[in-house]
Engineer: 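Okay, handing you the structure first.
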Number of protein chains: 2
Amino acid sequence: MRMTPQRQLVLDAVHELEHATPEQICAHVQRGAPAVNITTIYRTLDLLEGLELVRHTHLGHGAPSYSVRPHEHVHLVCHDCGEITEIPPEELDGLAGALRARRGFELDPTHLALSGRCAPCSHIDEGSHIDEGSHIDEGRQADEEDDR
Amino acid sequence: MRMTPQRQLVLDAVHELEHATPEQICAHVQRGAPAVNITTIYRTLDLLEGLELVRHTHLGHGAPSYSVRPHEHVHLVCHDCGEITEIPPEELDGLAGALRARRGFELDPTHLALSGRCAPCSHIDEGSHIDEGSHIDEGRQADEEDDR
DNA sequence: ATAGCTGCAAACGGTTTGCCTCACA
DNA sequence: TGTGAGGCAAACCGTTTGCAGCTAT
């Protein structure tokens with residue numbers, strides 16, 4: 001395997017962006033090297049994943065999110081506002097131990113996100129819609145077209 | 001809203017199939033009513049989900065899986081062989097309580113699957129590849145093209 | 001010369017959209 | 001008669017494939 005410029009660029013992009021979809025990585029790479037094709041992004045991500053340099057996480061809907069390998073954590077996705085929170089994998093140790101003991105299942109908590117509602121969204125609902133969307137900013141919204 | 005024949009058929013299919021993708025539901029419905037279009041399946045699933053009659057779970061890759069609402073459980077997906085195991089949501093009560101207490105996050109454990117390796121796959125690996133793919137049957141495999 | 005990497009275009013699976021028609025309250 | 005449901009075709013996003021040309025060995 002050769003570490004070509006394209007491959008280095010993709011790896012750099014994954015490092016810089018943290019939690020980026022292939023499309024976002026592509027856009028980032030193309031800012032410096034417009035000729036790079038999205039096909040190459042996909043092929044390279046596959047390759048880097050095989051080398052255990054990066055890994056991807058499914059956040060629920062749409063495209064997976066890539067991050068660099070040593071940087072592992074569990075993702076909590078709010079399905080109201082789309083906010084993503086990271087927590088250390090150790091918080092799932094109890095569950096992981098139980099699953100291993102009870103059914104021999106080796107949990108890999110970083111590969112799939114956990115879904116639910118973040119604190120602000122839970123509170124909004126308790127107080128019967130105080131101010132719809134108050135803490136939701138432009139960046140990424142999950143209103144109607146939420147998930148799926 | 002009217003409970004049209006198509007809608008009833010989709011709801012029936014979700015009941016009968018349990019954990020079916022929209023495409024599978026469509027195929028099932030079309031066995032009895034070939035004219036029903038996949039568009040209708042999607043629209044109806046959306047609708048039934050809004051009515052809280054069904055819900056979908058992301059099993060990681062590809063299409064989500066729909067099941068009837070009261071029948072809830074957590075899914076464990078093996079990313080070696082693709083096997084799906086169901087466990088009662090109560091097994092995550094400890095984790096859910098911790099997330100709620102520590103960060104106000106209301107976990108919805110049925111919406112996203114948990115990923116890892118099932119017991120047989122873990123054992124294969126411990127014994128350094130005794131018989132590659134021994135317990136894996138034709139139905140659904142996850143070898144190379146596994147996830148993503 | 002030959003392998004491997006890349007770009008391009010086309011296909012793909014899953015899903016959504018627009019539009020036109022139809023049935024029914 | 002007007003509203004909403006369904007069918008169809010086309011668009012869409014995310015991803016993969018085939019193939020041809022290039023490049024470093």
Side-chain angles (χ1 to χ4, degrees), chain A residues 1-11 13-14 17 19-30 32-51 53-54 56-66 82 140-148, chain B residues 1-14 17 19-30 32-51 53-66 82 140-148:
Chain A
M1 203 273 305
R2 301 166 39 215
M3 198 43 150
T4 65
Q6 288 93 330
R7 288 176 180 177
Q8 190 61 56
L9 285 168
V10 170
L11 187 52
V14 176
L17 297 174
H19 304 116
T21 62
E23 306 260 341
Q24 293 170 324
I25 293 166
C26 187
H28 187 92
V29 167
Q30 288 179 341
V36 176
N37 195 274
I38 184 121
T39 308
T40 302
I41 307 291
Y42 280 106
R43 286 195 278 232
T44 304
L45 287 173
D46 245 42
L47 188 96
L48 296 177
E49 196 151 23
L51 296 173
L53 291 174
V54 307
H56 72 266
T57 305
H58 296 278
L59 263 22
H61 52 290
S65 168
Y66 283 79
R140 190 255 181 236
Q141 294 203 355
D143 21 290
E144 298 317 295
E145 38 91 77
D146 178 17
D147 179 279
R148 132 189 12 123
Chain B
M1 201 274 305
R2 299 166 39 213
M3 196 43 147
T4 65
Q6 288 91 331
R7 288 176 179 174
Q8 191 59 57
L9 285 169
V10 171
L11 187 52
D12 291 349
V14 176
L17 297 175
H19 305 116
T21 63
E23 305 262 339
Q24 293 170 325
I25 292 165
C26 188
H28 187 92
V29 166
Q30 287 179 342
V36 176
N37 195 274
I38 184 122
T39 307
T40 302
I41 307 291
Y42 280 106
R43 286 196 278 233
T44 303
L45 287 173
D46 245 42
L47 188 96
L48 296 177
E49 197 150 22
L51 296 173
L53 291 174
V54 306
R55 72 152 37 213
H56 72 266
T57 305
H58 295 279
L59 262 21
H61 53 289
S65 167
Y66 283 79
R140 191 256 180 232
Q141 294 203 355
D143 21 289
E144 299 316 294
E145 38 89 81
D146 179 16
D147 181 278
R148 141 190 359 125

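Protein chains get the first letters and strands the later ones, always in sequence-line order, with residue 1 at the start of each. Everything numeric here is computed off the predicted structure, so don't read it as measured data.
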Engineer: Under the rule for salt bridge (Lys or Arg N to Asp or Glu O under 4.0 Å), what residues qualify as partners of A:Arg43, not counting sequence neighbours?
Structural biologist: none
Engineer: Round to the nearest Å and state the distance from B:Glu23 atom CD to C:dT15 atom C1'.
Structural biologist: 9 Å
Engineer: I need the CD1-P distance between A:Ile25 and D:dC13, as an integer number of Å.
Structural biologist: 18 Å
Engineer: Applying side-chain hydrogen bond (donor to acceptor under 3.5 Å, both in side chains), name anything that partners B:Thr39, two or more places apart in sequence or on another chain.
Structural biologist: B:Asn37
Engineer: Take atom CD of A:Gln24 and atom P of D:dC13, then tell me their distance rounded to the nearest Å.
Structural biologist: 14 Å
Engineer: Please give me the minimum heavy-atom distance between A:Ile41 and A:Pro22, naming the atom from each residue.
Structural biologist: CG2-O, 3.7 Å
Engineer: For the pair made of CD1 in B:Ile41 and P in C:dG13, what is the distance, rounded to whole Å?
Structural biologist: 18 Å
Engineer: How would nucleotides 1-9 of chain D be written as a contact map, 5' to 3', with B for base contact, S for sugar-phosphate-only contact and - for no contact, using protein heavy atoms under 4.0 Å?
Structural biologist: ----SBBBB
Engineer: Which residues satisfy the side chain to side chain contact (heavy atoms under 4.5 Å, CB included) test with A:Ala33, sequence neighbours excluded?
Structural biologist: A:Leu9, A:Val36
Engineer: Is the distance from OP1 or OP2 of D:dT16 to the nearest side-chain N or O of A:Tyr42 less than 4.0 Å?
Structural biologist: no
Engineer: Could you work out, with side chain to side chain contact (heavy atoms under 4.5 Å, CB included) as the rule, every residue matching B:Gln24, not counting sequence neighbours?
Structural biologist: B:Ala20, B:Thr21
Engineer: With sequence neighbours left out, which residue pairs that include part of residues 4-14 of chain B fulfil the salt bridge (charged side-chain N to carboxylate O under 4.0 Å, His left out) condition?
Structural biologist: none
Engineer: Whole Å only: how far is the CD1 atom of A:Ile38 from the P atom of D:dG14?
Structural biologist: 9 Å
Engineer: Could you give the CG-to-P distance, from B:Leu59 to C:dG14, as a whole number of Å?
Structural biologist: 13 Å
Engineer: Take the protein atom CD of A:Gln8 and the nucleotide atom P of C:dT6, then report the distance between them rounded to whole Å.
Structural biologist: 12 Å
